[in-house]
Amino acid sequence: MCDHVKITVWNEFRHEKKNEKVRKIYPDGMHMTLANNLRRQGNFELKTATLDEPEHGLTDDVLNWSEVLVWWGHMAHGEVKDEVVNKVQKRVLEGMGLIVLHSGHFSKIFKRMLGTNCSLTWREAAEKERLWNIEPGHPVAEGIGDYIELPNEEMYGERFDVPTPDKLVFVSWFEGGEVFRSGCCWERGHGRIFYFRPGHETYPTYHHPEIVKVIGNAARWAKPRLVRPHVCPNVKPIEVIKPREVDLRNLPAVS
Ligand code: ZN
């Protein structure tokens, strides 16, 4: 099986410009770190796109090229133009894969695809996160052990207001006591969607090899099996349909 995937990593790219702490961890932006780390992980071709580029960097050419779109956003979800969201949604329904990371749970595109509020509980207290691999046979968990441990992360807790995932691959436990459905798979139209929780901007999560491995696995899993534009045609019958008369007067009376 060909494991080559064309991936576009989209990042809001605002925290890195405003916050020295974030810039130290991701000097060229989270998108560049993640793209460079993914490049080392597999047979991936990578582009990046950011909010402040024209059309947020997601032109028709970029979207048509992309087999998988990775999305990180947080403080500027509202600035993402609806016409871009419409185009991304259309591409996912046609077959493009979508991987939504961390605070992308509140992005317009994630909420659009899932149709729920996508809210959760949260706390920023630099606590330990243990992501339990509960589907070790799933392609997204390939090469991952029983769990991944992150020494410092933001906490996300239930209830995570999303439709029940088609497959739940990771469940997180946090030092403060909460649990969270942190690796979730859905299908919408012909497209596959994976939500992966870790990745708060003030921790070096996208430098962590196992986190990058899961995102690479998810890209291979979400790569389109087919791309089919939406149609709703009026079709001719394949077989000959014989006309038949129905006399409504012969029907039994409704009791
Ligand atoms: Zn966060």
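One-based numbering, in listed order, for ligands and for the atoms of each.
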Single hit among Glu154, Glu175, Glu178 for salt bridge (charged side-chain N to carboxylate O under 4.0 Å, His left out) with Arg123
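With Arg123 as partner, salt bridge (charged side-chain N to carboxylate O under 4.0 Å, His left out) holds for just one option, Glu178.
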Which Ile, Leu, Val, Met, Phe, Trp or Tyr residues join Val246 in one cluster when any pair of side-chain heavy atoms under 4.5 Å counts as a link?
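Joined to Val246, directly or through intermediates: Leu248, Leu251.
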The Zn ion (ligand 1) reached by His102 (N, O or S, under 2.8 Å)
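True for His102.
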For the Zn ion (ligand 1), decide whether Glu154 has an N, O or S atom at a distance under 2.8 Å.
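For Glu154, the answer is yes, given that an N, O or S atom comes within less than 2.8 Å of the Zn ion (ligand 1).
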Answer yes when Glu16 and Arg23 have at least one side-chain N-carboxylate O distance shorter than 4.0 Å, and no when they do not.
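Judged by the 4.0 Å cut-off on N to carboxylate O distance, Glu16 and Arg23 do not form a salt bridge.
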Test: Arg14 and Glu79 ion pair at under 4.0 Å
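A salt bridge is present here (some side-chain N lies under 4.0 Å from a carboxylate O).
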Which atom of His200 approaches the Zn ion (ligand 1) most closely (N/O/S):
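The closest N, O or S atom of His200 to the Zn ion (ligand 1) is ND1.
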